[in-house]
Amino acid sequence: AQSVTQLGSHVSVSEGALVLLRCNYSSSVPPYLFWYVQYPNQGLQLLLKYTTGATLVKGINGFEAEFKKSETSFHLTKPSAHMSDAAEYFCAVRYTGTASKLTFGTGTRLQVTL
Amino acid sequence: EAGVTQFPSHSVIEKGQTVTLRCDPISGHDNLYWYRRVMGKEIKFLLHFVKESKQDESGMPNNRFLAERTGGTYSTLKVQPAELEDSGVYFCASDAPTSSEQFFGPGTRLTVL
């Protein structure tokens with residue numbers, strides 16, 4: 001069965017520190033990969049996505065992620081955390097050639113401290 | 001351009017009652033999806049409409065859930081009768097046929113007491 005694993009349900013970083021949120025997927029075929037963010041009392045917003053081409057993708061708010069096929073990973077990073085980055089982050093996959101549904105990880109809540 | 005909208009934003013009902021959630025997708029989006037997040041767990045797919053047809057309903061938990069999309073525009077998700085385990089946040093999303101990105105609504109938080 002296809003699955004997405006996000007290591008760490010809660011991550012805390014200091015303002016200005018590196019943000020690293022991990023995501024691994026299981027699939028024999030490279031899927032489309034997404035990171036969504038949910039700010040308090042809001043819906044899911046797309047941060048970035050990988051479909052084809054360059055494996056390092058840049059998204060909004062200074063976030064980026066790198067697709068590593070050999071590691072079946074799509075970790076999300078940001079060089080310097082800001083207080084406004086505090087939110088819940090979801091990694092998701094969409095398998096090409098099959099149903100268009102998204103399969104999500106369990107989410108990682110990011111806390112940014114002073 | 002208006003985004004995906006959902007109504008109501010919150011609903012609190014008693015076990016055994018009926019609740020109907022509504023989703024209005026982005027205009028022109030043929031694909032409409034329902035997802036649910038039960039507290040502390042992952043967001044799970046419920047079903048997928050292409051226009052008014054159910055393309056994939058493999059995620060629907062049981063026959064207490066009924067989804068419709070008459071006319072291929074807005075969709076409703078009815079839970080009847082509601083059970084305690086139905087509590088959670090119900091998200092709706094839509095996309096165009098050739099798009100890789102799904103656009104999500106703000107969700108409906110359902111609490112069954």
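It should be emphasised that the depicted structure is a prediction, and the values quoted were computed from it without experimental measurement.
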**Q.** Parallel, tilted or perpendicular: rings of A/F104 and A/Y36 (30°, 60°)
**A.**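 Ring orientation of A/Y36 relative to A/F104: tilted.
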Q. With under 30° as parallel and over 60° as perpendicular, where do the rings of B/F104 and B/F91 fit, or are they tilted in between?
A.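 Perpendicular: the ring planes of B/F104 and B/F91 meet at over 60°.
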Measure distances from [X] to the heavy atoms of chain A and classify the residue's part below 4.5 Å as side chain, backbone, both or neither.
X      : value
B/T108 : neither
B/D95  : side chain
B/Q102 : both
B/R37  : side chain
B/S9   : neither

Q.
Under 6.0 Å between ring centres: does that hold for A/F63 and A/Y89?
A.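 So the answer is yes for these two rings.
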Q) How about A/F67 and A/F74: are their ring centroids closer than 6.0 Å? A)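 No: the rings miss the under 6.0 Å criterion.
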Q: Tell me, for A/Q38 versus chain B, whether the close heavy atoms (under 4.5 Å) come from the side chain, the backbone, both or neither.
A: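 Contact with chain B involves the side chain of A/Q38 alone.
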Q: Please lay out, stage by stage, how B/T18 and B/K78 fare under the test side chain to side chain contact (heavy atoms under 4.5 Å, CB included).
A: CA-CA 7 Å; B/T18 297; B/K78 180 189 288 188; 3.8 Å; yes
